Amino acid sequence: MSERYNPHTIEKKWQDRWEATGLYRSKVDWSKPKHYALTMLPYPSGDLHIGHWFAMTPSDARARFMRMRGYNVLFPMGFDAFGLPAEQAAIQRGIHPWRWTYANIERMRGQLRTMGAMFDWEREAISCTPQYYKWTEWFFKKFYEGGLAYRGEALVNWSDALQTVLANEQVIDGKDERLGQPVIQKLMTQWFFRITRYADELLDFSLLDWPEPVRIMQTNWIGRSEGARVTFRTQDGQPLEIFTTRPDTLWGATFMVLAPEHPLVAHLTSPEQAEAVRAYQEATARTTEIERLSEDREKTGVWTGGYAINPVNGERIPVWIADYVMISYGTGAIMAVPAHDERDFAFARKYGLEVRVVIQPQDAEPLDSATMREAYVGPGRMVNSGAFDSNLSNGEKGRKNPAISAVIDHLVREGLGQEAVTYRLRDWLISRQRYWGSPIPVVYDAEGNVHLVPDEELPVELPEDVEFVTGPSPLKTHEPFYNAGNGLRRETDTMDTFMCSSWYWYRYLSPKLDTAPFDPEEAAYWLPVDTYTGGAEHATMHLLYARFFNKAMRDLGMFDEAAKIAAAHGRDVETMFDEPMLQLRNQGQVLGAERVGDFVLCEGYFEGEKLFAQRVEVIDPTEAPSHFGGVMGEIMKRVEKTLFVGPELRLVEVLDDAEIIIPRVEGAANVNQLLHHLDIQRMSKSKGNVVNPDQLVATYGTDAVRAHLMFAFDWQKGGPWDETNVVGVVRWLNDMWDILLTTDFPAQGNPQAERNLERALHQTIDRVTRSLESFSFNTAVAALMALRNELKTAVRANQISHAAFREAASAVLRLMAPITPHIAEELWQRLGWPYSVHAQEWPAYDADKAKEDMVELVIMVNGKPRDKQLVPVDIQQADAEALALASEAVQKVLQGAQPARVVFIPGRKGQEPKVNVVT
RNA sequence: GGGGAAGUGGCGAAAUUGGCAGACGCGCAUGACUUAGGAUCAUGUCUUUUACGAGGUGAGGGUUCGAGUCCCUCCUUCCCCA
């Protein structure tokens, strides 16, 4: 053990060697199965932070693992480089977005390399380059030609003061974040993608291995509801269409509510109500959608003075406007059935409108419209509904509800309405009134007609010589850009950055290709993405857009050529291009830490500066006495019984028999229940709690940081950053280094010790394999650490032969390779095996070798373990039960009585057999 | 407001998905070695009890031979969206 493990000397060496030998070049090879591993690409914000490491290095470990298992793996990386921060930097610091972005990318690329990940840099794609956004524009054109892009009106956050449209995150409490001036909701003509056309197909997850929560969130996001469209009429016969999921309650509609923006409002408003209606409409324009949809908020509204006719019973009912009805949802109008809808009920009670029960529950007190205190939404029989009385409304939705079904048939027959489905999902608004995004390749003539920019003129490039000032996008005022000649005006809005990130994994296939967005030969082999990893915050928007994009591309024939090639190679192309990513896994977030510590009064005696406390009381800091003889303040840190109190960190040692009073803890409290100050929150520069990975790498080395990130958290959950644990990982690597470089072995090993090591090794192979398969990186590292303990003991005791050692070392290094690639490579070389450990096969698991000979039979009484007996691993039920009944502990409990039941649980894989004696 | 996730030692966490709760690591304690220790080694470490034992996975209830895991009610925290 002459030489100590020094990560810095070996890590750079191997990174260079891997690069030079092209170890990570991924090339199409039809003789091998492929695995496309994708991890979400970063936004080039300037510095790689620990969150990127947390997302990417475990994904890298898994990609490496898949490669060692015989897959040809593609694991690319790039940058999602358009977006607001670059433009803000331009405005605030006068740096052009190009320069800011490229400098950041340059820096982050270097940082990414220190991860030691197997990224294939030849496939790098950067979304803000003309080479990339040429194709983003091209996709827009194809979608337009395919009828998937259109111009429409939408409400935007408009700041009069800034003369610009703001993103939601730029609006705080209805005011803009820069000047604090009011922001209003304004209708503007913008570009949309018809994602709603795919609503039903997007609800089908049958091809996807995606986390249940993501599927649920997408399902809710799409929000399919079945019901009917029903045409009411204004008093003078104008049709007024509504959508309802409850046509069975039509007879209970006692008024109607329109969105304040509804076009018929002006028509319906009586002269007496005109002023009130106008005032209400103005107030609504100042209200954000979030506020309008909040159910906590008191419902408000104004009567228009007009009436409508309910088509099923000819009744005349008043028409109101209220901001809880949205113009963009459904038809912007509802029939109000206060007896059977919560919001309508609250509204009716507030304004004294009629409530009429039309569904009576069967097994409960009949409802009385005069006294009911909340809407009834459950099942029951229809009443007050003419010919439909006594029809059963069973609480189901749509056609599964016989009452709804019957009423829909009636509406269709009478020409009053039709069956309909609506979605909460709205079309994707892609227009952004910003500079730093992909241009929309469209020009308008004098009449406002849309003309696509011809393919040979793509990309429409962003002009560089513009000035960045607060306010409207510079494209709007930059004549050389907006003036397209021949009286044509260029579109000055740019595309949502989600657009760029909706197809980047296709660009990775052939990032330099100039004739198409991707090479069909590459696509035929690599697509679809097999494993996609990234943050759970993208569950709805990004991942829904990604799926939509893929389906639209499929339907526009963009995969036809790839499909042909794939089929020629014998691949099943039936569903190959239906979904972009087959498997999805989300990692959690690494957080900074924050928590207020307990504020304590500590009394006792001083020895020097240190207080030995006999009494510690937690109090409310606002009730702190002005003078206090002991130590008082917030616990900033606690190590077992030692407290560090207040900003001066005064030392308090809590005595064993000290009295501890914690109001939140009933009865006697324990020193361990005292909370110390902890900061847990998202890392952000302003909070100064950002962990710098460069610093960590400089201190501990890449392998240790990788292993620590994998070991210290449940990857899918994340948690507050804590560096204290890194030393455990460092010790593990140091130990492996020392153990594997041992040179002193006995001529003959101890057979028993060698068998034990072999068993431990194969159990570890099994555990690591299953852990990596299931993204449980922490248990993979734990298993390897446990094996370290075994190896260390065996080698120290000088009990295993050189041959047995080498067999174990070879497997161990291959198991470590995905997690800590550099040390594994270095030791692999030092032990004399040929380059590279990463090109080796994953160790084969042998269940026979992993098998224990003897195990402990757990003997339980009523489910509580009482006794243990060493038995052969394959013990049979009769023997186990006999052993259990004969056990002293069981005899003692039974007292000679017969057990009521004896349950034998055979020793399944990795588990001891058990017998449960039931008394 | 809507949607989602999670509550297990002093801390990060495991638990093969209904079968010995706390693997693995940090920290801590005691001891060894050392000029020194933020190195290394050994032992211990859920709570309570001298012990035998008893109890224990946010709280309360339920299902089961058996519940951290399944069901119901409640509490708390975090995340996302609009």
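Here is how names work: the chains are called A, B, and so on, in the same order as the sequence lines, proteins then strands, and each is numbered from 1. These numbers come from a predicted model, not from an experiment.
The P atoms of B:A51 and B:G58 are separated by 27 Å, rounded to the nearest whole Å. Across the P atoms, B:U47 and B:G37 are found 29 Å apart, a figure rounded to whole Å. The gap from the P atom of B:U64 to that of B:C74 amounts to 24 Å, rounded to the nearest Å. Nucleotides B:U45 and B:G10, compared at atom C1', are 11 Å apart to the nearest Å. Between B:A21 and B:U8, the two C1' atoms lie 8 Å apart (nearest whole Å). Distance noted for atom P between B:G55 and B:U43: 31 Å (whole Å). For the P atoms, the distance from B:C46 to B:A32 is 24 Å, rounded to whole Å. If you take atom C1' in B:A23 and the same atom in B:U34, they sit 34 Å apart, rounded to whole Å.
If you check every strand for non-hydrogen atoms under 4.0 Å, A:Gly535 touches nothing. Counting any heavy atom pair closer than 4.0 Å across all strands shown, A:Val902 reaches no nucleic acid atom.
Taking atom CG of residue A:Asp714 and atom P of nucleotide B:C79, one finds them 17 Å apart after rounding to whole Å. Residue A:Asp867 contributes atom CG, which lies 15 Å from atom C1' of B:G53 at whole-angstrom precision. At whole-Å resolution of the value, CD in A:Gln587 and P in B:A6 are 16 Å apart. In this structure, CG of A:Asn220 is placed 7 Å from P of B:G3, rounded to the nearest angstrom. B:G3 atom P lies 17 Å from atom CG of A:Leu425, rounded to whole Å. Taking atom CG of A:Leu429 as the reference point, atom C1' of B:A82 lies 14 Å away to the nearest angstrom. Rounding to whole angstrom units, CD of residue A:Glu212 and P of B:G4 are separated by 10 Å. If you take CD of A:Gln716 and P of B:G4, they are 18 Å apart, rounded to a whole angstrom.
Applying the side chain to side chain donor-acceptor pair (under 3.5 Å) test to A:Ser431 and every residue at least two apart in sequence or in another chain returns nothing.
When base pairs are accepted only as Watson-Crick or G-U wobble with both N-N or N-O distances under 3.5 Å, RNA chain B takes part in stems of 3 or more pairs at B:1-7 with B:75-81, B:10-12 with B:24-26, B:27-32 with B:40-45, B:46-48 with B:53-55, B:58-62 with B:70-74.
Judged by a 6.0 Å distance limit and a 45° cone about the ring axis, A:Arg547 is not positioned over the six-membered ring of A:Trp428.
Minimum interatomic distance between A:Leu425 and A:Thr196 (heavy atoms only, all atoms of both residues): O-CG2, 3.5 Å.
Of the N and O atoms on the side chains of A:Asn756 and A:Arg759, at least one donor lies less than 3.5 Å from an acceptor on the other residue. A donor and an acceptor atom, one from each side chain of A:Ser771 and A:Thr779, are located under 3.5 Å apart.
Applying the 90° criterion around 0 to the glycosidic angle, B:U8 comes out anti. With its glycosidic angle within 90° of 0, B:G9 adopts the syn conformation.
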Identify all pairs in which a protein N or O lies below 3.5 Å from an N or O of nucleotides 38-45 of chain B, and state each distance.
residue, atom, partner, partner atom, Å
B:C41, OP1, A:Lys792, NZ, 2.8

Under 3.5 Å, N/O pairs linking protein and nucleotides 21-24 of chain B:
none

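Legend: salt bridge (charged side-chain N to carboxylate O under 4.0 Å, His left out) pairs involving residues 771-782 of chain A, not counting sequence neighbours, sorted by first then second residue: A:Arg69-A:Glu773. Within the structure, salt bridge (charged side-chain N to carboxylate O under 4.0 Å, His left out) pairs that include any residue of residues 777-791 of chain A comprise A:Asp735-A:Arg788 (at least two apart or interchain).
Mapping A:Asn725 and A:Met541 onto RNA chain B by nearest heavy atom places A:Asn725 closer to the 5' end of the strand. RNA chain B is contacted by both A:Val903 and A:Ser776; A:Ser776 maps to the nucleotide lying nearer its 5′ end (nearest heavy atom per residue).
The environment of CD in A:Gln876 is sparse: at most 12 heavy-atom neighbours from other residues, nucleotides or ligands sit within 6.0 Å.
Using bins of under 30°, 30° to 60° and over 60° for the plane-to-plane angle, the ring pair A:His49/A:His52 lands in the tilted bin. Classification of the A:Phe775-A:Trp715 ring pair by plane angle, with boundaries at 30° and 60°, yields parallel. Below 30°, between 30° and 60°, or above 60°: for A:Tyr845 and A:His762 the angle between ring planes is between 30° and 60°, a tilted geometry.
Ionic pairing of A:Arg585 and A:Asp209 is present here: one or more N-O contacts between side-chain nitrogen and carboxylate oxygen are shorter than 4.0 angstrom.
Comparing atom distances between the A:Trp221 side chain and each of B:A82, B:G4, B:C65 picks out B:A82 as nearest.
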A:Thr245/A:Ser225 under side chain to side chain donor-acceptor pair (under 3.5 Å): CA gap, chis, key distance, verdict
CA-CA 7 Å; A:Thr245 58; A:Ser225 45; over 6 Å; no

